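Reading through the structure tokens given below for one structure.
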Amino acid sequence: MPSSCKDIRAALAQCLENSDCVMVHRNKPADCLRSPLVESLPNRCQRLKKGYGECKRGMVDMRKRFRGNYPVALSVENEGGGGSRQLYGGGSALGGPPSGTKAEGEEK
């Protein structure tokens, strides 16, 4: 397996091992990831499952073949912080319009 998804896969496995679905109810980790039991997982495990799926899809996405998957920063995810992701030309993907331009419906 390519190294881009190894970290998030290991974090998902660790989260599943410590979840009530495996520890208390004695289900298999693979069963906990399926439909009836996935709702009983902690929110962190659900986010890791979604992130792992996106990572696997990114490995076959032709638009990401040259740039690679977005690196996973587990420490940022654990702290709950989320920086702004950069888009083309250094502009923030989450911010407003660049300075010096008018937003739609705005007059000078």
Side-chain angles (χ1 to χ4, degrees):
M1 173 187 303
S3 63
S4 63
C5 297
K6 281 184 181 179
D7 293 336
I8 195 165
R9 182 177 187 264
L12 177 60
Q14 184 67 32
C15 186
L16 284 173
E17 287 176 6
N18 295 330
S19 69
D20 286 344
C21 184
V22 174
M23 296 293 286
V24 176
H25 303 294
R26 297 290 185 197
N27 293 314
K28 294 179 184 176
D31 294 336
C32 292
L33 292 174
R34 293 199 179 95
S35 182
L37 298 174
V38 75
E39 289 84 19
S40 68
L41 287 175
N43 193 18
R44 181 175 184 271
C45 292
Q46 291 178 4
R47 287 191 321 241
L48 286 170
K49 178 184 181 283
K50 182 180 178 188
Y52 181 64
E54 289 174 0
C55 182
K56 295 293 280 185
R57 276 189 296 277
M59 289 171 42
V60 296
D61 188 3
M62 288 298 164
R63 294 172 288 176
K64 294 183 181 180
R65 293 287 282 211
F66 293 108
R67 289 190 220 178
N69 276 328
Y70 190 73
V72 176
L74 294 176
S75 62
V76 172
E77 190 243 351
N78 288 338
E79 293 170 3
S84 66
R85 296 174 68 179
Q86 293 293 315
L87 199 59
Y88 304 105
S92 174
L94 304 174
S99 62
T101 61
K102 294 189 294 184
E104 286 187 37
E106 185 178 307
E107 295 182 24
K108 279 193 170 181

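Keep in mind that the numbers below use all heavy atoms, side chains included, and drop hydrogens, waters and symmetry copies. Keep in mind the model is a prediction, meaning the values are calculated, not measured.
Between atom OG of residue S19 and atom CD of residue Q14 there is a gap of 10.5 Å, rounded to the nearest 0.5 Å. Distance check: L41 CG to R47 CZ gives 12.5 Å after rounding to the nearest 0.5 Å. To the nearest 0.5 Å, atom NZ of residue K49 and atom CD of residue E54 are 11.0 Å apart.
Nearest heavy-atom pair across N27 and C32 is CB-SG, 3.7 Å. Residues L12 and C45 come closest through the heavy atom pair CD1-O, 3.7 Å. Here the shortest heavy-atom pairing between A11 and L48 reads O-CD1, 3.7 Å.
A side-chain contact (heavy atoms from CB on, under 4.5 Å) with R34 is found for exactly one of L37, V38, D31, namely D31.
Within the 4.5 Å cutoff, the side chain of K56 has heavy atoms near those of the M59 side chain. Between S40 and D20 there is no side-chain heavy-atom pair separated by less than 4.5 Å. Counting heavy atoms from C-beta outward, E17 and V22 have side chains that stay 4.5 Å or more apart.
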